[in-house]
Amino acid sequence: MKASNMLYCNELTKVYVTGGGFSRSRLVAVNKASFSLSAQRPEILTLAGESGSGKTTVSKLILGFEEPTSGTILYKGRLVSSLRKRQERLNFMREVQPVFQNPFETFNPLRTVDRYLFDTEANFNGTASRLGRQAAVEEALEMVGLSLQEVKGRYPSEMSGGQLQRISLARSLITHPTLLVADEPVSMIDASLRMSVVNLFRELKQQSGVSVIYITHDLATAYYVSDRIAVMLRGCIVEMGTVEQVLETPLHPYTQILKESVPVPDPDNQWEGEIELTDLEVREYNRRGCRFAGRCPEVMEICRKAEPLSKAIAGRSVMCHLY
């Protein structure tokens, strides 16, 4: 790991065991994924791919919700899995904050949303005075375009999905994090509000120096907000580079198909929904060779026998036998 890295994931692998007895099988949800984030320059790194590609599992591993089967995750030079003491975990959680997919599941419907904000301030920052806690909450809400007056005393059912997602983001910002791990943060809110939330990530990076791992299946928002993008397929990062490189001139056949699957706007034919190329199948995860061999238009015999290695090509990495 370079000293200049804030986050360093090396050969990250997560294996789940499914079934029992004779039907027991191993599911490699994440397979030797490697990437890093610089400590000197904030950036937005997108993990993109269809449902079941391993994106959410990577986020859980980074946040420490689950431990990797093998590989390492270093945050500021320290193994995340070694942060056992309460103060160590608290410091890590203060600096690395999650933004979850469904804002309606983030909040207890029986508690007012402002209580979550004040509790977060008390638990992580420990501000003694009431006015100090209120000022910290106000500051976080202002960063997401809300005010304490708008949310005080209100329950989740009284807020829109877009407002709740902004409040969820404000809750994460109270701790003054250096890294946000945002798992499909705009998929559960109206299309008209998605760009406002995505714009918040850009503003946080530019104005507050916060880096973001943005997890999505939506290539349109990924292209708009990202500095770099890593395309995942069946647990593998098959292509990674700047967002312009990967999405304008994709090299991997899977990335090319994923890009072509994005619908072109048609004012006479409104399209809604998620892009999914296929359902999750255990046999594809455990396929010998390339995970994409069963659907690849460029498949060769070697693709069915040997897993391709990641190769550096023109400033990006590609996991494909074509190269």
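Everything numeric here is computed off the predicted structure, so don't read it as measured data. Excluded from the calculations below are hydrogen atoms, water molecules and symmetry mates; all remaining heavy atoms, backbone and side chain alike, are included.
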| query | Going through the checks in order, is the side chain to side chain contact (heavy atoms under 4.5 Å, CB included) test met by Ile62 and Cys9? | reply | CA-CA 8 Å; Ile62 293 171; Cys9 298; 4.3 Å; yes

| said: Starting from Ile257, can I reach Met300 by hopping between I/L/V/M/F/W/Y residues whose side chains sit under 4.5 Å apart? | reply: no

| Short question: side chain of Glu11, backbone of Ala33 - any donor-acceptor pair under 3.5 Å? | no

| request: Would you check if Thr106 and Pro156 make a side-chain contact, meaning some heavy-atom pair closer than 4.5 Å? | output: no

| Nearest-0.5 Å distance that lies between atom CZ in Arg166 and atom OG in Ser160 | 9.0 Å

| query | Does the side chain of Thr69 pick up a donor-acceptor pair with the side chain of Arg26 at under 3.5 Å? | reply | no

| How long is the span from the CG atom in Leu309 to the NE2 atom in His321, to the nearest 0.5 Å? | 7.5 Å

| query | Under 4.5 Å between side-chain heavy atoms, hopping through other hydrophobics if needed: is there a path connecting Val318 to Tyr254? | reply | no

| task | Using the ring of Tyr16 (Phe, Tyr or Trp, six-membered ring only), decide whether Lys14 places NZ or CZ under 6.0 Å from its centre and within 45 degrees of its axis. | result | yes

| field | Sidechain N-carboxylate O distance under 4.0 Å for Arg78, Glu95 | value | no

| message | If the threshold is 4.0 Å, N to carboxylate O, is there a salt bridge linking Glu67 and Arg84? | response | yes

| task | Kindly compute the distance separating CD (Gln165) from CE (Met159), expressed to the nearest 0.5 Å. | result | 12.5 Å

| task | Compare every heavy atom of Arg41 with every heavy atom of Ser211, then report the nearest pair and how far apart it is. | result | OG-O, 4.4 Å

| Any side-chain heavy-atom pair of Ser59 and Pro98 under 4.5 Å | no

| remark: Those residues at least two apart in sequence (or on a different chain) that pass side chain to side chain contact (heavy atoms under 4.5 Å, CB included) with Thr120 are Phe124, Arg171, Ile174, Thr175

| message | With heavy-atom distances below 4.5 Å as the criterion, would you say the side chains of Val243 and Thr46 are in contact? | response | no

| For Phe92, what residues pass the ring-ring contact (aromatic ring centres under 6.0 Å, His included) criterion, not counting sequence neighbours? | Tyr75

| Between Phe65 and Phe100, how do the two ring planes meet: parallel, tilted or perpendicular, split at 30° and 60°? | parallel

| What pair of heavy atoms forms the shortest contact from Thr72 to Leu12, and how long is it? | O-CD1, 4.3 Å

| request: Could you state whether Val80 and Met6 fall into the same hydrophobic cluster, counting links through intermediate Ile, Leu, Val, Met, Phe, Trp or Tyr residues with side-chain heavy atoms under 4.5 angstrom apart? | output: yes

| message | Looking only at side-chain N and O atoms, does Asp114 offer a donor or acceptor that is under 3.5 Å from a partner on Thr112? | response | yes

| How long is the gap from CE on Met232 to OG1 on Thr255, to the nearest 0.5 Å? | 12.0 Å

| query | So how far is it from Ile213 CD1 to Asp183 CG, rounded to the nearest 0.5 Å? | reply | 11.0 Å

| request: Applying side chain to side chain contact (heavy atoms under 4.5 Å, CB included), run through Arg234 and Phe292 and close with a yes or a no. | output: CA-CA 8 Å; Arg234 297 292 180 255; Phe292 193 50; over 6 Å; no

| said: Which heavy atom of Ala182 sits nearest to which heavy atom of Phe201, and what is that distance? | reply: CB-CZ, 3.8 Å

| Can you find a side-chain donor-acceptor pair between Asn199 and Arg202 that sits under 3.5 Å? | no

| Between Arg295, Lys55, Arg291, which is the residue that forms a salt bridge (charged side-chain N to carboxylate O under 4.0 Å, His left out) with Glu50? | Arg295

| When you check the gap from the basic side-chain N to the acidic O, do Asp227 and Lys205 get nearer than 4.0 Å? | yes

| query | Any sub-3.5 Å donor-acceptor pair from Ser208's side-chain atoms to Val210's backbone N or O? | reply | no

| query | Would you say Glu121's side chain and Gln134's backbone share a donor-acceptor pair under 3.5 angstrom? | reply | no

| task | Would you please name every residue forming a ring-ring contact (aromatic ring centres under 6.0 Å, His included) with Tyr116, sequence neighbours left out? | result | Phe107

| request: Look up atom OG in Ser310 and atom CD in Glu239, then write down how far apart they are to the nearest 0.5 Å. | output: 9.5 Å

